[in-house]
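Data block below; observations after.
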Amino acid sequence: MAIADFDTAIETPPRPHSPVHGFGTLAVHAGSPHDPATGAVIESISLSTTFAQSAVGKPIGEYEYTRSSNPNRTNFENCIASLEKAKYALAFSSGSATTAIILQSLAAGSHVVSVSDVYGGTHRYFTKVASAHGVRVTFTPSIELHIEDLITPETKLIWIETPSNPTLSLVDIRAVADIAHRSGIMVVVDNTFLSPYVQNPLDHGADIVVHSVTKYINGHSDVLMGVAALNSDSLHERLRFLQNAIGAVPSPFDCWLAHRGVKTLHLRAREASKNAALVAAALQDSPHVISVNYPGLASHPHRKIALKQHRDGLGGGMLSFRVKGGQAAAEEFCKTTQIFTLAESLGGVESLVELPGSMTHAGIPVEQREAAGVFSDLIRISCGVEEGADLVSDVKQALEKVVVGAKISNGNGSANGHA
């Protein structure tokens, strides 16, 4: 089943009515009906794989088989649709599965334009898998400048990450969508780095917004899931067909956990953003740091976009920076932090640190990585919800040990006079 060829401009589908309540109220209550039999305010976990029918072809309720739909998945999808101001949401077994389903909905011979600086798993799918079913992807480091030159008659999709992973570059979604829609091309925005609390891409003209639910939406580093939110009836029908046909769906328990996690998203996203702003400012002031990438800083080259697209101009909980001393210093920094855990992933309540060039983006050729700004000394940080002052102190002590300690060792033959 393929997305139809468009010969004329397309319009953004009509939006659902604006929600009556604020984000925090929706996060707690959307998709969370009280149990009509018991009055339970928290939904039960429906583990049944099949549902009884009163007669042949007449299910007792709205469910028949759990791959096709499940009460926990329905409730979670309704919640995300509400938070992204969308008509529909579809949950998948991972963020990568979400990407795969969208790309597989394209006809063979289709062309996709993507920002260069994307998650390593997305890059891997675009370059290693999409081509196997006849979809070609072109990468560009400056999509707003180059999009019109890159569009061909076969172009069906524009893929954006904003902020990008891991250099935190921003894209003006509305500017890209206006150009894409004139040519009948859909726009997909990966909103994982910010979450629905900080940014709602559909408000700015995107056709589909995707998330790795694993990250901020779940927020507790114990669920692997993905989700897509959208407004188009026809596109929803196509993607739901593939969701069922391919079967890359999350378990009821994972849906229950993610739904529980999203109830505190607004609290966690605000705290993570506050902490990241403190850490970014400390890094920017440090003589041991070459550069800092954080959309919440006034020095960020795309700060105006953040003020336009992000709630209250928040920068989010993610940042990256280059440390003096090269890759060796970067690796040592990741091992020297005491609160930040050296691990992949992001968006959990705990703070994490990693080296994209050697970890999350290692599968991308060096030349392409560096062209996108992912150098061997680039460190990526995910700020959690610990005390901000503690995170700042941790970063500072790690820098002192790694950069200053290395200079003392190189100058005296040993650090602090010890062998």
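Nothing fancy with the numbering, it's 1 onward along the sequence.
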For F375, what residues pass the ring-ring contact (aromatic ring centres under 6.0 Å, His included) criterion, not counting sequence neighbours? none
So L157 and L103, do their side chains get closer than 4.5 Å, heavy atoms only? yes
Please list all pairs passing the salt bridge (charged side-chain N to carboxylate O under 4.0 Å, His left out) test where one or both residues lie in residues 69-85, with sequence neighbours left out. R73-E77, K85-D203
Would you give the length of the straight line joining atom CD1 of I80 to atom CG of L90, rounded to the nearest 0.5 angstrom? 12.0 Å
Which residue pairs pass the ring-ring contact (aromatic ring centres under 6.0 Å, His included) test with at least one member in residues 77-122, sequence neighbours excluded? Y88-H236
Any donor-acceptor pair under 3.5 Å linking the side-chain atoms of K215 with those of S382? no
Parallel, tilted or perpendicular: which fits the ring planes of W159 and F126, with parallel below 30° and perpendicular above 60°? perpendicular
Close side-chain approach of V198 to Y216, heavy-atom, < 4.5 Å: no
Return the set of residues passing side chain to side chain donor-acceptor pair (under 3.5 Å) with K308 (not counting sequence neighbours), or none when no residue passes. D172
Kindly compute the distance separating OG1 (T192) from CG (N165), expressed to the nearest 0.5 Å. 9.0 Å
Salt bridge (charged side-chain N to carboxylate O under 4.0 Å, His left out): which pairs involve residues 20-31, sequence neighbours left out? none
More than 12 heavy atoms from other groups under 6.0 Å of CD on E344: yes
Any side-chain heavy-atom pair from P163 and L170 closer than 4.5 angstrom? yes
Does H211 use its side chain to pair, donor to acceptor, with the backbone of V213 at less than 3.5 Å? no
Residues S221 and E350: side-chain donor-acceptor under 3.5 angstrom: yes
At what distance, to the nearest 0.5 angstrom, does CD of E43 lie from NE2 of H34? 11.5 Å
Qualifying residues under ring-ring contact (aromatic ring centres under 6.0 Å, His included), relative to W256, sequence neighbours excluded: none
Would you say H21 has more than 12 foreign heavy atoms packed within less than 6.0 Å of its NE2? no
Ion pair present between E332 and K335, side-chain N to carboxylate O less than 4.0 angstrom? yes
Spell out, as yes or no, whether a donor-acceptor pair under 3.5 Å connects the side chain of Q243 to the backbone of A91. yes
Under the salt bridge (charged side-chain N to carboxylate O under 4.0 Å, His left out) definition, can you give me all pairs with a residue in residues 265-280, not counting sequence neighbours? E271-K274
Can any side-chain N or O of R322 pair as donor or acceptor with the backbone N or O of D377 at less than 3.5 Å? no
Please name all residues satisfying ring-ring contact (aromatic ring centres under 6.0 Å, His included) with F139, sequence neighbours left out, ordered by chain then number. H123
NZ/K401 to NE2/H288 distance, rounded to the nearest 0.5 angstrom? 13.5 Å
Okay, side chain of N72, backbone of S46: is any donor-acceptor separation there less than 3.5 Å? yes
Can you tell me how far apart CG (D149) and OG1 (T140) are? Round to the nearest 0.5 Å. 9.5 Å
Go through Y294 and L283 one step at a time and tell me if the side-chain contact (heavy atoms from CB on, under 4.5 Å) criterion holds. CA-CA 10 Å; Y294 182 63; L283 289 169; over 6 Å; no
Side chain of S393, backbone of A389: donor and acceptor closer than 3.5 Å? yes
4.5 Å side-chain heavy-atom contact, S110 and E154: no
Given P166, S320, C334, the one that forms side chain to side chain contact (heavy atoms under 4.5 Å, CB included) with I379: C334
Strictly distance-based, threshold 3.5 Å: is any side-chain N or O of T99 a donor or acceptor partner for the main-chain N or O of T122? no
Examine distances only and state if a side-chain atom of N78 and a backbone atom of A30 form a donor-acceptor pair shorter than 3.5 Å. no
Going by heavy atoms in the side chains, are L257 and H220 under 4.5 Å from each other? no
Which pair of non-hydrogen atoms, one from A107 and one from V135, has the smallest distance, and what is that distance? O-CG2, 4.1 Å
Side chain D207, main chain V187, donor-acceptor under 3.5 Å: yes
State which residues pass side chain to side chain contact (heavy atoms under 4.5 Å, CB included) with Y63; sequence neighbours excluded, sorted by chain then number. F51, S69, P71, T74
Taking the side chain as every heavy atom from C-beta outward, state whether L150 and I143 have any atom pair closer than 4.5 Å. no
In sequence, state the C-alpha distance, the side-chain angles, and the governing distance for I160 and D190, and then conclude on side-chain contact (heavy atoms from CB on, under 4.5 Å). CA-CA 6 Å; I160 296 171; D190 186 335; over 6 Å; no
Dump the intermediate steps for side-chain contact (heavy atoms from CB on, under 4.5 Å) on K396 and S286, then the final yes or no. CA-CA 8 Å; K396 287 182 175 180; S286 173; over 6 Å; no
How far does NE2 of H259 sit from CD1 of I217, to the nearest 0.5 angstrom? 11.5 Å
Applying side-chain contact (heavy atoms from CB on, under 4.5 Å), run through S195 and L265 and close with a yes or a no. CA-CA 8 Å; S195 86; L265 174 58; 3.8 Å; yes
Please check if the side chain of D394 supplies one atom and the backbone of I339 the other of a donor-acceptor pair under 3.5 Å. yes
Sequence neighbours excluded, every pair satisfying salt bridge (charged side-chain N to carboxylate O under 4.0 Å, His left out) that has a member inside residues 95-124: none
Does any non-hydrogen side-chain atom of R369 lie less than 4.5 Å from one of V366? yes
Can you find a heavy atom in the side chain of M225 that is under 4.5 Å from one in the side chain of P250? yes
For the backbone of A269 and the side chain of S273, can you confirm whether one donor and one acceptor N or O come within less than 3.5 Å of each other? yes
Taking only residues two or more places apart in sequence, or in another chain, which ones meet T214 in a side chain to side chain donor-acceptor pair (under 3.5 Å)? S212
Considering residues at least two apart in sequence or located in another chain, which fulfil the ring-ring contact (aromatic ring centres under 6.0 Å, His included) criterion with F321? F333
Is the count of non-hydrogen atoms from other residues, nucleotides or ligands lying under 6.0 Å from R240 atom CZ greater than 12? no
